[in-house]
Protein chains: 4
Amino acid sequence: MNLRSPLMLQIATGDPRPIHRQIVDGVRRLIASGELTLGANLPSVRGLALQLGINPNTVAKAYSELTAEGWLDARAGLGLFVAAPRQRLSDEERARRLDEALTRFVGDVIALDYPAGVVLERVAGELALCLPKKTG
Amino acid sequence: MNLRSPLMLQIATGDPRPIHRQIVDGVRRLIASGELTLGANLPSVRGLALQLGINPNTVAKAYSELTAEGWLDARAGLGLFVAAPRQRLSDEERARRLDEALTRFVGDVIALDYPAGVVLERVAGELALCLPKKTG
Amino acid sequence: MNLRSPLMLQIATGDPRPIHRQIVDGVRRLIASGELTLGANLPSVRGLALQLGINPNTVAKAYSELTAEGWLDARAGLGLFVAAPRQRLSDEERARRLDEALTRFVGDVIALDYPAGVVLERVAGELALCLPKKTG
Amino acid sequence: MNLRSPLMLQIATGDPRPIHRQIVDGVRRLIASGELTLGANLPSVRGLALQLGINPNTVAKAYSELTAEGWLDARAGLGLFVAAPRQRLSDEERARRLDEALTRFVGDVIALDYPAGVVLERVAGELALCLPKKTG
DNA sequence: GTGGTCTAGACCACG
DNA sequence: GTGGTCTAGACCACT
């Protein structure tokens, strides 16, 4: 994998999430799915901002969140790198966040009146895209 | 279950969702799960506000969203009632919203580093709680 | 037409509709008639409140309804924009709402004792103003 | 036409209009369509309340509105009768109300994205049910 | 009593 | 600056 290649990220203007959130989610996804591996060098703040056509401050905010959460390591003068996996959150916190995401997701999906089987298949499909290397 | 009984709803201060959103999600869930059936009378705006320790306007906002979405009927002077179920959204809109919810959910959950199987089990469990009529 | 220009909206104090409803109807009309096109930037919540001499919360309520119905996209820090058109309601729901609007309209108009021809002409005229793309 | 026959009126619980408003609209419609002619005797307050399964106060309120607007004459001890047609509202007031009804109707209908022709046909059909005897 | 509307003013997150 | 949320308190129409 070559360093400094453009991230496979896209900002969707229709997406209700704030831009920096889309970046954070996207990078976490790329790391979780293995497309960004340990030590990979991320685009610079200015580079990614240029690539996505957004304000560098927005990228900086996203990177700083990812660093705070332990996904990235910032090395002054060199850039940002995918950090070694470690227990980034306490088990309590992880469980709490899973509950929250579940509640929100189910609340949204119930309104759509899909059969449970269909929803489960879609969830499984999406997870398979992102998590196989962690569980296989 | 007697009418006007307190709703099985709780507001979590740690939850990032705004309060009125938590109420909307919760009521939709109670309706979908069958705990609130057609014609059931909901707690009054002021009553629920008192029960939850929040401002009546916040409850009114939640109830008004539920009414706009067709889940509740409001009758001034009488109260709020669970409305007759009907297909409110087009198929395309439903599919679009499912995609949106999926993307958001997976984005949230990936960061937690749970095995896909665990997540799927939890989703299945939550759906089973809410959609008993659909799966039984 | 330059962005952020004042909306061609007026609040009629004699109108029995609540203010936020008049705004919702007015904006939907401007969108349907093509005076507000895809991506157009609407006046800010505070700006429109100032223009109309009403409380910003009232404007926010109207904008929030329009966003919930899919007419507008809101981006915090950026503003509100006309959303891409899509089929949001099922055919049955649309038919139900047309029936409801018809019943109400005819109920209101009968009391006025106008000849049917006059009423029809007026309706046709109003529709022609709003749906030029559909009729031209 | 026999006196004191039940009115062809129905109260729809799903209808967002308050009950007394549904009665007022319904009676005006029956008068306008000719189903209730000059001098016809209306059901008593208690009788109509019983027929519709609602509170007599609600019926009384509706009848009092109709009397105030000049549609009915109340004759103490005898009951209520359809009043002789006279100019009940000023031309200005009638025009204002027509405008209001039009604006509301068009605002509601635009959101449904029906072709103008379809809407016009439906309006014409509804009006034909109520107004032919006035215009033919 | 009920729901609905409006105002006023505060605070937050976003860009 | 932007939109979004929440509180507080007033007033209205309906039953």
Electrostatic pair C:Arg104:C:Glu100 at N-O distance under 4.0 angstrom: no

Spacing between B:Phe81 atom CZ and F:dT15 atom C1', to the nearest angstrom: 11 Å

Side-chain donor/acceptor of C:Arg17 to backbone N/O of C:Gln22, under 3.5 Å: no

Rounded distance (nearest 0.5 Å) linking atom CD of B:Glu93 with atom CG of C:Leu89: 8.5 Å

Atom pair CG (B:Asp73) and CZ (B:Phe81), whose distance is rounded to the nearest 0.5 Å: 9.0 Å

Inter-residue atom distance B:Ile23.CD1 - B:Leu48.CG, 0.5 Å rounding: 5.5 Å

Partner of A:Asp108 under salt bridge (charged side-chain N to carboxylate O under 4.0 Å, His left out), chosen from B:Arg28, B:Arg94, B:Arg96, B:Arg29: B:Arg28

For atom CG of C:Asn41 and atom P of F:dG1, their distance in whole Å: 16 Å

Whole-Å gap separating P (E:dG1) and CG (B:Leu50): 12 Å

Value in whole Å for how far the C1' atom of F:dT5 lies from CD of B:Gln22: 12 Å

Main-chain N/O of C:Leu30 paired with C:Ser33 side-chain donor or acceptor, under 3.5 Å: yes

For atom CG of C:Leu72 and atom C1' of F:dG4, their distance in whole Å: 15 Å

Intra- and inter-strand pairs of DNA chain F in dot-bracket (Watson-Crick or G-U wobble, both distances under 3.5 Å; | for another strand): ||||||||||||||.

side-chain hydrogen bond (donor to acceptor under 3.5 Å, both in side chains): pairs with one or both residues in residues 54-66 of chain C, sequence neighbours excluded: C:His20-C:Glu65

Nucleotide F:dT2, atom P - distance to CG of C:Leu48 in whole Å: 12 Å

Mind listing the N/O atom pairs, protein and nucleotides 12-15 of chain E, below 3.5 Å?
{"from": "E:dG15", "atom 1": "OP1", "to": "A:Ile19", "atom 2": "N", "distance (Å)": "3.3"}

5' priority, DNA chain F, between B:Asn57 and C:Tyr63 [closest heavy atom]: C:Tyr63

side-chain contact (heavy atoms from CB on, under 4.5 Å) between D:Leu66 and D:Leu42, intermediate numbers included: CA-CA 12 Å; D:Leu66 287 161; D:Leu42 280 90; 5.7 Å; no

Whole angstrom value for the distance that separates C1' of F:dG4 from CG of C:Asp73: 15 Å

Whole angstrom value for the distance that separates P of F:dT5 from CD1 of B:Ile11: 14 Å

